[in-house]
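Read the structure below first, then the notes.
Read the numbers this way: they start at 1 and go in the same order the structure lists the ligands and their atoms. Heavy-atom basis, side chains included; hydrogens, waters and symmetry copies ignored. Along the sequence shown, the residues carry numbers beginning at 1.
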Amino acid sequence: MTSSLKHFLDLDVIDRATLREIIELGNGSRESDPSNRSNLPLVGKTLAMMFEKPSTRTRVSFEVGMRQLGGEVVVLSQSETQFGHGETIADTARVLSRFVDVIMLRTDDPQKLADLAKYATVPVINGLTDLSHPCQLMADVMTFEQHRGPIAGRTVAYCGDGNNVVNSFIHAATQFEFSLRLACPDSLRPDPSILRWAIEAGADVTVTDDPLEAVDQADCVVTDTWVSMHNKEEDRVQVLTPYRVTEKVMQHAKEDALFMHCLPAHRGDEVVDEVIDGRWSVVWDEAENRLHAQKGILQWCLS
Ligand code: CP
Ligand code: NVA
C-alpha cells in the first residue's frame, strides 16, 4: 500500500482525530446548501463504485454526494465488468487508478478490499464487506450526536446477529469512546478477533445473550437484518426471534432512547412497526446521514 494514500478501509485503522475530522466534514455537509454550486471541492474528480452486492443507500448516497461536491461518478456492477469475469483485483486496481481519483468497493471478502487498496494508486473506500461496514457507522455516530450530543460516554445496545455492522460498531465504540452492550445468540456472536482488539484497546464492550440486560438504561438501541446478504436463511430466524426489538424492549432503555437501524429493515423480524415508526426512531435521519458522512469521507480521501 502506498502509505500516503488516504484509504477509508475500517475504523480501527484510522486514528481518532481523523475520524472526528471526517465527522465534522460530514456535519458541515448537512448544514450546507447543496444547490450552492460555488467553491465545489471535488470538481474534476471522479469516483468509481464497484458493487458485487446489491445496494440502495450506499449507491445513491455516494453518487449524489460526489455530484454535490462537484465530482463525477462511474458505477460498475459485477455482471457488467471484467472484474466479475476473472480479471484480477490487482489488475483492476491498476487500470481504474488510471481513470478515476477514488474507488469504492462493496464486496464479500475483505481480502478483495485489502488487495484493491494494495494495488490502487488512488484512495479506496470500504462500501461494506462480509466483515464490516464503516461508512454506516460514521453515519450512525453523526445521527446519535445530531439528536443527543456527544456520543462519548453514552451507552448503545445492539440486539440481534453479530454481523458486519456489529463489527464496525465495536470499532466505533472503541474509537468514539462509547459503551456498547451486544445481545447476540451464542451461535451468532461478532468476530472474536475484533472483540479482542476492542478489549485490548480498553473499550467498554460486552456481549450477552439477554436482550433486556443489554438494553437496560441504554441511550440508543440498534438492530440489523437477521439475514445479511451473505447469509443463507437456514434456522437463523428461530434463534434470533428472542432478539426482536419490540416496544417492550425499548421500554427497558432510557425514556428518551433512540432507535437506529442501518436499513433495509425486515419489519416484523428484527424490529416491529411500532418501534421503527415510533417515537424512538431516527432511521430516516440515519439514512440521510449516509450522504453527509460520505461527503466527509470523500473530501478527506481526496484532500
Ligand atoms: N445501509 C446500507 O448500506 O444500505 P444499502 O445496502 O441499501 O446500501
Ligand atoms: N448486515 C447487512 C447490512 C446491509 C446494509 C448485510 O450485510 O446485508
*Between Asp91 and Arg94, does at least one N-O distance fall below 4.0 Å, as a salt bridge requires?*
yes
*If we only count N/O pairs under 3.5 Å, is Arg59 in contact with ligand 1?*
no
*Is there a donor-acceptor pair under 3.5 Å between the side chain of Thr143 and the backbone N or O of Ala139?*
yes
*Are the charged groups of Lys248 and Glu274 less than 4.0 angstrom apart, N to O?*
no
_Heavy-atom side-chain proximity of Trp226 to Thr241 below 4.5 angstrom_ = yes
_ligand 2 atoms in contact with Asn163 (distance to a heavy atom under 4.0 Å)_ = 1 (N)
*Give the residue, atom name and distance (to 0.1 Å) of the protein heavy atom nearest atom 7 (O) of ligand 2.*
Asn164 ND2, 2.8 Å
*Any N or O on Leu128 sitting closer than 3.5 Å to an N or O of ligand 1?*
no
_Does any N or O of ligand 2 fall below 3.5 Å from an N or O anywhere on His230, backbone included?_
no
*Within a strict 4.5 Å, meaning less than it, do heavy atoms of the Thr18 and Phe8 side chains meet?*
no
*For ligand 1, is any non-hydrogen atom under 4.0 Å from Leu263's backbone (N, CA, C, O), its side chain (CB onward), both, or neither?*
backbone
*Should you measure from each heavy atom of Thr56, which atoms of ligand 1 turn up under 4.0 Å away?*
5 (P), 7 (O), 8 (O)
*Sidechain N-carboxylate O distance under 4.0 Å for Glu145, Arg20*: yes
*asked:* For atom 8 (O) of ligand 2, what's the nearest protein heavy-atom neighbour? Residue, atom name and distance, please.
replied: Met229 N, 2.8 Å
*Identify, by atom number and element, the atoms of ligand 1 in contact range of Gln136, meaning under 4.0 Å from any of its heavy atoms.*
1 (N), 2 (C)
*For the pair Lys53 and Asp130, find out whether any cationic side-chain nitrogen is under 4.0 Å from an anionic carboxylate oxygen.*
yes
*Output yes when Arg181 and Asp216 qualify as a salt bridge under the 4.0 Å nitrogen-oxygen rule, no when they do not.*
no
*asked:* For atom 6 (O) of ligand 1, what is the closest protein heavy atom, and at what distance to 0.1 Å?
replied: Arg106 NH1, 2.8 Å
*If we only count N/O pairs under 3.5 Å, is Asp224 in contact with ligand 2?*
yes
*Check each heavy atom of Leu263 against ligand 2 and say whether those closer than 4.0 Å belong to the side chain, the backbone, both or neither.*
backbone
_Interatomic spacing from CE in Met142 to CD1 in Ile23 - rounded to 0.5 Å_ = 6.0 Å
*Heavy-atom check, side chain of Asp219 versus side chain of Phe144, under 4.5 Å*: yes
_Under-4.0 Å heavy-atom contact with ligand 1, by part of His133 that carries it_ = side chain
*Backbone or side chain, does any N or O of Arg106 fall under 3.5 Å from an N or O of ligand 2?*
no
*Does Arg290 come within less than 4.0 Å of ligand 1, judged by its heavy atoms?*
yes
*Write out the residue and atom name of the closest protein heavy atom to atom 4 (O) of ligand 1, then the distance separating them to 0.1 Å.*
Arg57 NE, 2.9 Å
